[in-house]
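What follows is a short report on a single structure.
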Amino acid sequence: MGSRDADGGLGGLLERALRSAGAVSCWQVLRDESWCRVVPCDGAQREQGWKLHVSATQVSAPEVLERALKVLLREESAFKFASSLTRVAALNTRSTPRGSSGKFITVYPRCDAAAVRIADALHRATAGLAGPRILSDHPYAPDSLVHYRYGSFVGRRQLSAQGLFVDFIYDPEGNPVEDRRTGQYLPPSWAVSPFPVFGALPGGSTASGSGDPVLGGRFAVREAIRYSNKGGVYRGTDIRTGAAVVIKEARPHVEADASGWDVRDWLRTEAEMLDRLRELNLSPAPVAVFEHGRHVFLAEEEVPGTTLRRWVIDHFLNTGWQHYSSDALDMVARLVDLAATAHEHRCIVRDLTPGNIMVRPDGTLRLIDLELAVVDGMTTRATSLGTPGFSAPEQLRGAQPAPTADYYSLGATAGYVLTGNVPHLLADEPATRCVDQRMAAWLTACAERLKLPASLVTMVLGLTREDPSKRWDLSRARTALSSPTAPSGHRDAVPAARAYRQTSADGAGVEQQDQDPVTALVDGLVSSISPDDSRLWPVSTAVGEADPCVVQQGAAGVLAVLTRYFELTGDHRLPEVISAAGRWILSRAGTGPARPGLHFGLPGIAWALCDAGRAIADQHLLDHGRELGLAPLESCAGHDITHGTAGSGLAALHLWLHTGDERFAHRAIEAADKLAASACRDADGVSWPVPAEAGGWPTGKPYLGFAHGTAGIGYFLLAAAVLCERPEHLSLAVEAGDSLLAHAVLTGKSAQWPVQVGKPPTAPYWCHGAAGIGAFLIGLHQVAGETRFADFARRAAQAVAEHATRGPLTQCHGLAGNADFILDMADATGDDFYRSTAQDMAGIILAQRTYRHGRMAFPNEYGETSTSWSDGTSGILAFLLRLNHTSPRQWTVPLQTRIHRHSTESTRVSTPTRRQTTAVVPQQHQGVTP
């Protein structure tokens with residue numbers, strides 16, 4: 001086998017192969033952090049067709065590449081390969097997306113004949129070497145490293161119905177079709193494979209009498225619980241005994257290390273540990289370990305009940321805090337007993353997490369997923385596997401197993417049970433703050449909100465000390481659980497928790513170096529603007545990539561928050577930044593299809609640009625923003641705020657109020673009339689189901705939340721009724737409110753809502769839960785004066801308050817959006833309880849901040865940092881700014897009274913009603929107390 005670069009890079013193999021073949025001048029080589037791309041100098045390539053992938057492991061990759069290059073450099077087709085062994089490992093982990101796993105080499109054949117010729121040559125050249133099956137492709141032959149699929153060769157992308165970029169190909173009629181990359185081979189129906197058909201591939205199964213597939217000749221598979229790159233987890237039946245079983249699958253070569261050990265070996269280790277613990281009732285009993293098509297399977301007893309993670313979620317949703325707190329204390333005691341019993345029998349769990357503990361119907365606990373468990377004192381494999389947030393830091397760095405690692409996991413899991421969350425403490429870069437103090441800051445902020453006993457706070461902090469030698473043991477944890485007062489040993493918990501909010505009289509504090517958070521966040525946005533890049537500010541694309549100009553994930557969302565900051569503070573730096581951002585957006589927005597909607601469409605961009613132009617007296621931005629706001633929009637089948645008619649109409653209302661251009665008022669009325677015409681009425685009330693022609697969205701039962709459903713649509717209709725004097729729209733908004741009341745799930749003093757009618761209640765976020773629905777209901781009460789809406793808004797606020805310690809930190813699905821609703825309640829009622837609750841939530845958010853090279857940032861729900869409105873810094877900044885300054889909520893319009901605004905030309909705007917009548921909308925009910 002040929003040598004490779006000392007740092008694990010594979011580029012040296014290519015350079016030697018090019019020289020050996022005398023082909024250096026025939027190929028162009030392009031490198032980046034992940035890939036080495038090799039393109040023939042004549043540049044003639046297809047845009048789509050049958051492409052080839054070759055898999056490999058960390059161990060086999062150099063030889064696979066060396067052999068493959070002898071084939072590929074004889075051809076004239078472009079190809080690429082992973083540029084380092086680190087990248088190869090990343091392609092093969094258990095958590096790698098199934099649609100991209102294993103793809104070490106990609107070949108773009110010039111024609112179908114070349115595809116078949118190259119595939120056969122690569123298959124022969126790499127025969128006998130190791131590599132995982134590529135799930136999105138079809139293997140060229142049984143046991144081959146070579147796979148094929150039909151797809152795009154070039155980076156052609158378009159926006160999907162959800163507003164995210166997707167790769168696409170053209171069908172024979174020239175229509176764009178999404179190039180889907182999933183964990184399944186799904187070629188287009190019109191793409192005829194040119195490859196030969198070989199015998200049956202490994203991994204087939206027989207069928208039971210019921211038609212269910214049977215694995216190992218014994219286990220009938222009823223359903224899949226989940227799929228991952230590692231393999232599936234299934235519910236099944238032992239056809240010999242009739243007993244219910246769970247069947248775990250481990251695929252060959254996934255997460256293979258330098259010795260060749262892979263997930264199959266971890267699964268066999270789990271079976272051994274289950275057998276060792278068989279008599280203790282700590283875990284499921286193993287039933288059988290068997291191979292099927294070179295995959296390893298473990299069948300084990302099915303444990304009835306639910307995971308601890310699900311138990312916490314359900315209890316937070318379905319019981320009030322008073323009842324939950326009692327159950328949570330009891331659950332923590334049972335967790336300590338579970339860990340103690342495992343340690344008494346020398347079992348170090350190494351993955352003691354809420355997802356790996358089952359709560360049986362009788363309340364007893366069982367450990368599941370014991371693949372990392374080891375016997376204390378026995379020689380075992382060190383690993384860096386684990387669950388971030390729950391696994392001890394030293395374990396994630398590859399330390400040898402020790403009971404102290406389980407102490408950390410126990411503390412993190414106990415903290416999750418008590419607070420409903422695990423802190424998102426991303427590492428500072430460079431590291432300057434003590435992790436123990438950061439953990440104490442977060443937990444004590446939560447404890448103050450939840451009124452947790454000091455002994456429990458101290459126990460969790462003692463168990464989760466960063467230094468393993470300083471962690472509490474289980475005996476000390478038991479003592480804390482039985483003691484009503486805080487035991488000694490962690491005296492810095494409370495001071496560290498409050499350090500971010502106050503410093504001592506002489507100016508010294510644990511984190512005195514921190515700026516005011518609002519100032520720090522603005523400084524970070526000002527310093528991170530990049531006009532020469534494809535995105536103006538850095539964002540996370542963990543859930544996909546949106547248009548770089550839009551509100552949700554693009555520059556318009558950040559621009560709007562900076563504009564509001566400038567309006568409130570007059571910061572002299574901001575006009576230049578706002579001007580640059582506005583011109584960057586103008587250079588890109590409106591060049592493609594004009595998509596509707598507030599958060600993913602052109603109307604939201606126009607809103608941000610017009611506000612920016614008005615704030616800094618930039619007529620150019622104002623005029624061009626108005627032009628974009630009046631641009632004809634694509635036909636819109638969707639109804640909602642984020643993507644559809646309601647969002648476009650809301651933006652039109654705002655632009656009318658602030659420009660005086662009556663064309664926007666007419667647009668708003670047209671949008672409201674369209675929604676009135678498309679409303680559906682049935683036994684469930686009025687709703688706007690997603691039409692089939694909207695594309696990409698689940699159709700059928702309507703959504704209820706603010707982003708995609710009834711609450712957001714109702715809010716726009718309410719605003720249109722107030723500002724345009726349309727009583728029929730007010731009536732429809734009231735109908736929408738009553739429909740939401742009918743679907744509320746009441747628990748104690750709180751109200752929750754499902755995402756869609758007929759489903760269980762969901763977390764109380766702005767997007768799809770109580771925070772967004774409550775914001776509509778309190779506005780509806782202010783306008784219509786109906787006390788039932790005030791009552792349910794108060795109940796929604798109670799649900800949000802009870803979940804103040806739970807969830808991510810952001811606007812769309814998180815605490816910033818929830819807390820913005822709490823401020824809505826404070827503004828509407830004047831009740832100090834709501835402002836105090838919002839301040840508590842701000843403390844919980846700020847305790848989880850991180851610093852990246854001097855810039856304050858926050859993790860999103862995927863553990864990444866971002867500047868975006870929906871899941872990043874600017875959305876959190878908007879809430880904190882509003883907490884410190886009296887200002888309206890962003891992306892809303894005033895509902896208090898019928899309002900006439902003066903345009904920039906100081907001309908008064910008349911209301912474009914179809915009837916010349918006096919206003920029939922009730923006046924604002926000031927000082928209402930729901």
Side-chain angles (χ1 to χ4, degrees), residues 58 86 89-90 92-97 226 228-231 233 248 250 254-259 261-270 272-274 282-283 307-309 312 335 338-339 342-343 346-358 365 367-376 378-417 421-427 431 435-436 438-439 460 463-471 474 859 861-864:
Q58 269 187 289
T86 300
N92 290 339
T93 70
R94 66 186 64 202
S95 59
T96 302
R226 64 178 179 270
S228 68
N229 192 36
K230 171 187 172 181
V233 179
K248 299 179 179 180
V254 172
E255 214 163 64
D257 63 17
S259 69
W261 181 285
D262 63 25
V263 292
R264 295 173 296 178
D265 300 289
W266 287 114
L267 191 60
R268 291 189 179 98
T269 298
E270 179 177 1
E272 294 171 3
M273 184 57 69
L274 291 179
L282 284 180
S283 57
T307 65
L308 180 59
R309 181 181 295 278
V312 169
L335 284 169
L338 180 70
H343 285 191
R346 299 175 60 204
C347 173
I348 302 175
V349 181
R350 289 208 295 181
D351 209 13
L352 186 70
T353 73
N356 290 344
I357 298 170
M358 290 292 291
L365 305 182
L367 295 167
I368 59 174
D369 291 338
L370 288 169
E371 64 179 352
L372 300 185
V374 297
V375 177
D376 190 13
M378 295 181 62
T379 302
T380 187
R381 303 180 67 85
T383 180
S384 58
L385 296 176
T387 305
F390 292 98
S391 296
E394 70 274 11
Q395 178 179 320
L396 297 177
R397 294 192 294 264
Q400 285 293 324
T404 50
D406 281 355
Y407 300 163
Y408 185 98
S409 297
L410 173 64
T413 300
Y416 177 81
V417 171
N421 209 351
V422 61
H424 307 278
L425 301 181
L426 294 183
V435 175
D436 289 345
R438 295 178 66 195
M439 181 72 172
V460 171
L463 289 167
T464 56
R465 295 294 294 265
E466 186 174 23
D467 184 344
S469 68
K470 295 181 180 179
R471 286 180 198 146
L474 301 182
E861 57 195 295
Y862 305 101
E864 299 179 354

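These numbers come from the heavy atoms of this one structure, side chains and all, not from hydrogens, waters or symmetry mates.
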Going by side-chain hydrogen bond (donor to acceptor under 3.5 Å, both in side chains), name the pairs with one or both residues in residues 396-416, residues two or more places apart or in two chains. H343-D406
Note: D467-R465 ion pair, threshold 4.0 Å (strictly below): no
Is the shortest distance from a Lys or Arg side-chain nitrogen in E270 or K248 to a carboxylate oxygen in the other one below 4.0 Å? yes
For the side chain of [X] and the backbone of [Y], is there at least one donor-acceptor N/O pair under 3.5 Å apart?
| X | Y | answer |
| --- | --- | --- |
| R346 | D376 | yes |
| N356 | L370 | no |
| R438 | L426 | yes |

Return the minimal non-hydrogen interatomic distance between [X] and [Y], and the atom names on each side.
| X | Y | value |
| --- | --- | --- |
| S391 | L396 | CB-CD2, 3.9 Å |
| F390 | L352 | CB-O, 4.5 Å |
| A256 | D262 | CA-CB, 3.9 Å |
| V460 | G415 | CG2-N, 4.1 Å |
| I368 | G355 | CD1-O, 3.9 Å |
| A342 | L367 | CB-CD1, 4.5 Å |

From [X] atom [atom1] to [Y] atom [atom2], the distance as rounded to the nearest 0.5 Å:
| X | Y | atom1 | atom2 | value |
| --- | --- | --- | --- | --- |
| L267 | E272 | CG | CD | 10.5 Å |
| D351 | T387 | CG | OG1 | 4.0 Å |
| L372 | T269 | CG | OG1 | 9.5 Å |
| D265 | E371 | CG | CD | 11.0 Å |

Non-hydrogen side-chain atoms of [X] and [Y] separated by less than 4.5 Å:
| X | Y | value |
| --- | --- | --- |
| N92 | Q58 | no |
| T93 | N229 | no |
| T307 | I357 | no |
| V375 | M273 | yes |
| T464 | R471 | no |
| T383 | R350 | yes |

S259 and D257: side-chain donor and acceptor closer than 3.5 Å? yes
Checking salt bridge (Lys or Arg N to Asp or Glu O under 4.0 Å) for the pair K230/D369: CA distance, chi angles, key distance, verdict? CA-CA 13 Å; K230 171 187 172 181; D369 291 338; over 6 Å; no
Who are the side-chain contact (heavy atoms from CB on, under 4.5 Å) partners of S384, not counting sequence neighbours? none
Run R94 and L385 through side chain to side chain contact (heavy atoms under 4.5 Å, CB included) and show every step you take. CA-CA 10 Å; R94 66 186 64 202; L385 296 176; 3.4 Å; yes
